[in-house]
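Beneath this line is the structure, given in structure tokens, with notes to follow.
We name chains A, B, ... by the order of the sequence lines, and we start the count at 1 in each one.
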2 protein chains.
Amino acid sequence: MTSRLEALCLEKGLKMTGQRRVISQVLSEADDHPDVEEVHRRAVVIDPRISIATVYRTMRLLEDAQVIEKVDLGDGRARYEEASTDHHHHLIDTRNGRIIEFASPELEALKERIARELGYRIVGHRLEIYGIPLGADGNDDADEPVDKGVPV
Amino acid sequence: MTSRLEALCLEKGLKMTGQRRVISQVLSEADDHPDVEEVHRRAVVIDPRISIATVYRTMRLLEDAQVIEKVDLGDGRARYEEASTDHHHHLIDTRNGRIIEFASPELEALKERIARELGYRIVGHRLEIYGIPLGADGNDDADEPVDKGVPV
DNA sequence: GGTATGTTTGCGAACGATTTGCATTATGAT
DNA sequence: ATCATAATGCAAATCGTTCGCAAACATACC
């Protein structure tokens, strides 16, 4: 069956190979922010003959085609999420790495104003908040799944 | 003579070696956001027998001692600035990489509110805005110095 | 359904930024 | 000055990522 991202790729006229189909499927099914290794790990389960180099290449392809977006969460490797039109940002739970997405129209407005006051037009921006749950004081490694996200 | 950062290091009880003194001086005199190679380049001018490994080690030492702060501007290498108590952020001029620092109390408040609404207490955060000057449409490589910064 | 042509893949080597092991040298306390 | 300890330089190692190249596709054409 055709995954959501695969359909998108076809629309954009990308040549669909077996490995690209698998990677598209993996990304369609992901509701977190996997890095390349993680995508590879999941892809190999479906078809073991996919090399990490191909995953790297495909991620770049999909990024260029604006099917996915790279998010830099400051942990040294590139993470990805499906491309979306809405601006959203990430709150990272420092206890366990879980990532919560959020959007804020006020934030968008404020950021526009700041840029304008500095004499600039925004072409991109990025905000990350690192935090721990209210009430949590220590470093409890909660047993909940990591990076479930919240609809934005 | 003793540089500002060197004094800070002494206060913190760090062992001051020749190379640490030189690196402290370089960082004290910097008003931009140099990466490790750039710090090394400047340090070697003062004392040619400083290795890049020492610069890496010293940067980490100073970061751990909270004398300097690492800033990740998304360009793949670590950049540094003197530690400061005020929260500020960076607007990066995408035409030439110049970095403008800014602070915004409203932003701080908003970000606190967002975190609270999500049930989190902030332990850190980071905002970068990428932009081009108002009026500038193309890619003019202005002849002004890069990354002069603006007092926050 | 074959077949030519241009792509894509897998592999391992190369990469750039950063860290590390280890023998040598310097520091700060005595 | 002495000495234990910590810092340095060097080169090798590491990590995430890219690249060259020959072999394996995908697609347009017959």
Side-chain angles (χ1 to χ4, degrees), chain A residues 2 5-6 9-26 33-65 67-80 97, chain B residues 2 5-7 9-27 33-65 67-80 97:
Chain A
T2 304
L5 257 54
E6 184 185 338
C9 289
L10 288 167
E11 268 178 46
K12 307 238 177 188
L14 300 181
K15 189 188 282 194
M16 286 316 286
T17 67
Q19 18 284 80
R20 287 183 186 173
R21 249 182 283 276
V22 170
I23 292 167
S24 297
Q25 182 190 335
V26 165
H33 297 76
D35 60 25
V36 173
E37 271 199 57
E38 181 59 32
V39 173
H40 182 235
R41 225 173 278 128
R42 297 178 194 176
V44 160
V45 174
I46 302 173
D47 181 344
R49 56 202 180 139
I50 292 178
S51 87
I52 187 96
T54 296
V55 180
Y56 272 107
R57 280 189 277 237
T58 303
M59 298 309 271
R60 189 150 45 135
L61 181 80
L62 298 187
E63 196 191 347
D64 290 349
V67 171
I68 60 176
E69 274 167 23
K70 187 187 290 189
V71 324
D72 173 358
L73 298 178
D75 61 351
R77 64 217 123 133
R79 290 159 162 279
Y80 293 87
Chain B
T2 304
L5 258 55
E6 184 184 338
C9 290
L10 288 167
E11 267 178 48
K12 308 240 175 185
L14 301 182
K15 188 189 280 194
M16 287 316 286
T17 66
Q19 19 282 79
R20 289 184 184 174
R21 248 182 284 276
V22 170
I23 292 168
S24 296
Q25 181 189 336
V26 164
L27 292 172
H33 297 78
D35 59 25
V36 173
E37 271 200 55
E38 182 59 31
V39 173
H40 182 235
R41 224 173 278 127
R42 296 178 194 176
V44 161
V45 174
I46 302 172
D47 181 343
R49 51 196 183 147
I50 293 177
S51 88
I52 187 97
T54 296
V55 180
Y56 272 106
R57 279 190 275 237
T58 303
M59 298 308 273
R60 188 147 48 134
L61 180 81
L62 298 188
E63 195 190 348
D64 290 348
V67 172
I68 60 176
E69 274 167 23
K70 188 187 289 191
V71 323
D72 173 358
L73 298 177
D75 61 350
R77 68 214 120 142
R79 289 158 164 278
Y80 294 88

| How far apart are the C-alpha atoms of A/Thr58 and A/Gln19, what are their side-chain angles, what is the distance that settles it, and do they pass the side chain to side chain contact (heavy atoms under 4.5 Å, CB included) test? | CA-CA 9 Å; A/Thr58 303; A/Gln19 18 284 80; 5.8 Å; no

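In the set C/dC11, D/dT17, D/dA11, D/dT17 carries the atom at the smallest distance from any side-chain atom of A/Tyr56. Of the candidate nucleotides C/dT19, D/dT18, C/dT18, C/dT18 has the atom lying nearest to any side-chain atom of B/Ala78. Checking D/dG16, C/dT18, C/dC11 against every side-chain atom of B/Arg77, the shortest atom distance belongs to C/dT18.
Dashed line: the shortest gap from a side-chain N or O of B/Arg60 to OP1 or OP2 of D/dA7 is not under 4.0 Å.
Put simply, NZ on A/Lys12 and CG on A/Asp64 are 11.0 Å apart, with the number rounded to the nearest 0.5 Å. Atom CD of A/Glu6 and atom CG of A/Leu14 lie 11.0 Å apart (nearest 0.5 Å).
Atom CZ of A/Arg41 and atom P of D/dG16 are 10 Å apart (whole Å). Rounded to whole Å, atom P of C/dT9 lies 14 Å from atom CE of A/Met59. With rounding to whole Å, B/Glu6 atom CD is found 12 Å from C/dT27 atom P. The distance from atom CG of B/Asp64 to atom P of D/dA7 is 12 Å, rounded to the nearest whole Å. If you take NE2 of A/His40 and P of D/dG16, they are 14 Å apart, rounded to a whole angstrom. One atom, CD1 of A/Ile50, and another, P of D/dC25, lie 13 Å apart when rounded to the nearest Å. Put simply, CG on B/Asp35 is 14 Å from P on C/dG16, counting in whole angstrom units. The nearest whole Å value for the distance from the CG atom in A/Leu73 to the P atom in D/dG16 is 15 Å.
Residues from residues 13-21 of chain A with heavy atoms under 4.0 angstrom of DNA chain C, sorted by number: A/Lys15, A/Thr17, A/Gln19, A/Arg20.
The closest side-chain heavy-atom distance from A/Met59 to A/Ile23 is below 4.5 Å. Between A/Arg20 and A/Lys15 the shortest side-chain heavy-atom distance falls below 4.5 Å.
Within 4.0 Å of A/Ile52, counting heavy atoms only, lies no atom of the nucleic acid at all. Within the 4.0 angstrom heavy-atom criterion, base atoms lie near A/Arg57.
Comment: B/Asp75 engages B/Arg77 in a salt bridge, judged by a side-chain N to carboxylate O separation of less than 4.0 angstrom.
Here the closest heavy-atom approach between residue B/Ala43 and residue B/Ile50 is recorded as CB-CD1, 4.1 Å.
When each of B/Leu10 and B/Lys70 is assigned the nucleotide of DNA chain C bearing its nearest heavy atom, the one mapping closer to the 5' terminus is B/Lys70.
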